Amino acid sequence: MIHRAVYPGSFDPVTYGHIDIIKRASQQFDEVIVGVLTNSKKTPLFSTEERVNILREVTKSIPNVKIKSFEGLSVNFVRECNAQVIIRGLRAITDFEYELSMAQTNRILAPDIDTMFLITSLEYAYLSSTTVKEVAAYDASIEQFVPPVVSEALRKKLESRH
Ligand code: PNS
């Protein structure tokens, strides 16, 4: 059996914190599928296609990572992928309640699928896509937070909105 995990999220945009989780998960599983949520309640800055393309670019050196987009419930996507595990990163106690309710809900919907949490590396514990977008909007440097391809894409996106 292929030991496969899905790492679902918005990735709007992907940060070094997400990449850290992807790398570490790829060392624990035969294959990791990063699932980019399309129909989120949040309105994303980047389109699904843009988020998928950026993720493909920044993970291209990790052979057992695949990037896909999905709509609807994460657990259904996990089943479609023939995976057994959902991966999520936990940064701080503030993430816990949301992650717990999501994991419990997913477990009720799909008792055969387990959620596993990786604790975000300390250097990225403060990092979120939202804060990256905010810092970028004020024209400050975001090179410590995201790979160059993301800062370039963010710069272009924000320019086009002015
Ligand atoms: O990166 P995010 O925004 O924290 O990721 C949230 C995500 C995509 C994992 C979550 O919103 C999700 O799984 N959405 C799909 C809908 C779903 O399965 N809901 C049931 C769990 S409450």
Side-chain angles (χ1 to χ4, degrees), residues 4-26 28-29 31-59 62 65-137 142 144-147 149-151 153-154 157-158:
R4 195 180 273 122
V6 167
Y7 178 28
S10 307
F11 306 104
D12 186 40
V14 64
T15 68
Y16 281 134
H18 298 122
I19 296 170
D20 170 58
I21 299 290
I22 295 170
K23 276 189 191 147
R24 287 162 53 204
S26 75
Q28 299 297 333
F29 291 89
E31 189 171 274
V32 173
I33 297 171
V34 181
V36 179
L37 181 67
T38 294
N39 63 345
S40 167
K41 274 175 264 160
K42 311 168 194 168
T43 309
L45 180 62
F46 289 98
S47 69
T48 306
E49 201 191 347
E50 288 169 326
R51 287 179 280 150
V52 165
N53 288 340
I54 292 173
L55 270 157
R56 288 207 172 119
E57 178 64 29
V58 299
T59 59
I62 319 171
V65 170
K66 282 195 183 141
I67 315 296
K68 291 183 183 176
S69 61
F70 75 101
E71 283 181 48
L73 290 176
S74 283
V75 287
N76 290 346
F77 176 64
V78 173
R79 287 219 176 94
E80 274 165 37
C81 293
N82 274 320
Q84 307 82 26
V85 170
I86 293 174
I87 296 285
R88 293 285 290 169
L90 264 188
R91 287 167 301 195
I93 196 79
T94 42
D95 282 342
F96 185 75
E97 218 165 288
Y98 169 57
E99 292 299 334
L100 182 68
S101 82
M102 215 156 51
Q104 298 287 30
T105 308
N106 285 337
R107 190 146 174 76
I108 293 165
L109 294 172
D112 50 323
I113 295 168
D114 250 315
T115 302
M116 292 190 187
F117 294 101
L118 290 177
I119 303 298
T120 305
S121 296
L122 205 50
E123 67 257 54
Y124 308 125
Y126 60 88
L127 194 52
S128 74
S129 300
T130 308
T131 52
V132 169
K133 283 181 280 194
E134 179 151 350
V135 173
I142 50 167
Q144 311 92 301
F145 309 139
V146 295
V149 57
V150 178
S151 39
L154 256 172
K157 179 69 75 177
L158 293 168

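Whatever order the structure lists them in is the order used to number ligands and atoms, beginning at 1. All values derive from a computational prediction rather than experimental measurement. Heavy atoms only: backbone and side chains are in, while hydrogens, waters and symmetry mates are out.
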Participant: Under 4.0 angstrom from ligand 1, any heavy atom of Tyr98?
Facilitator: yes
Participant: How are the rings of His18 and Phe11 set relative to one another: parallel (under 30°), tilted (30 to 60°) or perpendicular (over 60°)?
Facilitator: perpendicular
Participant: Under 4.0 Å, counting heavy atoms only: does Gly72 come that close to any atom of ligand 1?
Facilitator: yes
Participant: Considering only heavy atoms, which of Met102, Arg107, Glu71, Arg88 lies nearest to atom 4 (O) of ligand 1?
Facilitator: Arg88
Participant: May I ask you to check whether over 12 heavy atoms, not counting those of Gln144, lie within 6.0 Å of atom CD?
Facilitator: yes
Participant: Would you say CZ of Phe96 has more than 12 non-hydrogen atoms from neighbouring residues, nucleotides or ligands within 6.0 angstrom?
Facilitator: no
Participant: Is the count of non-hydrogen atoms from other residues, nucleotides or ligands lying under 6.0 Å from Lys66 atom NZ greater than 12?
Facilitator: no
Participant: Considering only heavy atoms of Asn106, which atoms of ligand 1 have at least one such atom less than 4.0 Å away?
Facilitator: 20 (C), 21 (C)
Participant: Looking only at distance, does Ser10 have an N or O less than 3.5 Å from an N or O of ligand 1?
Facilitator: yes
Participant: Once you round to the nearest 0.5 Å, how far does CD1 of Ile119 lie from CD1 of Ile21?
Facilitator: 8.0 Å
Participant: Should you measure from each heavy atom of Leu73, which atoms of ligand 1 turn up under 4.0 Å away?
Facilitator: 17 (C), 18 (O), 19 (N), 20 (C)
Participant: Does Ser74, backbone or side chain, put an N or O under 3.5 Å from an N or O of ligand 1?
Facilitator: yes
Participant: Check whether more than 12 heavy atoms from other residues, nucleotides or ligands sit under 6.0 Å from atom CD of Glu49, and answer yes or no.
Facilitator: no
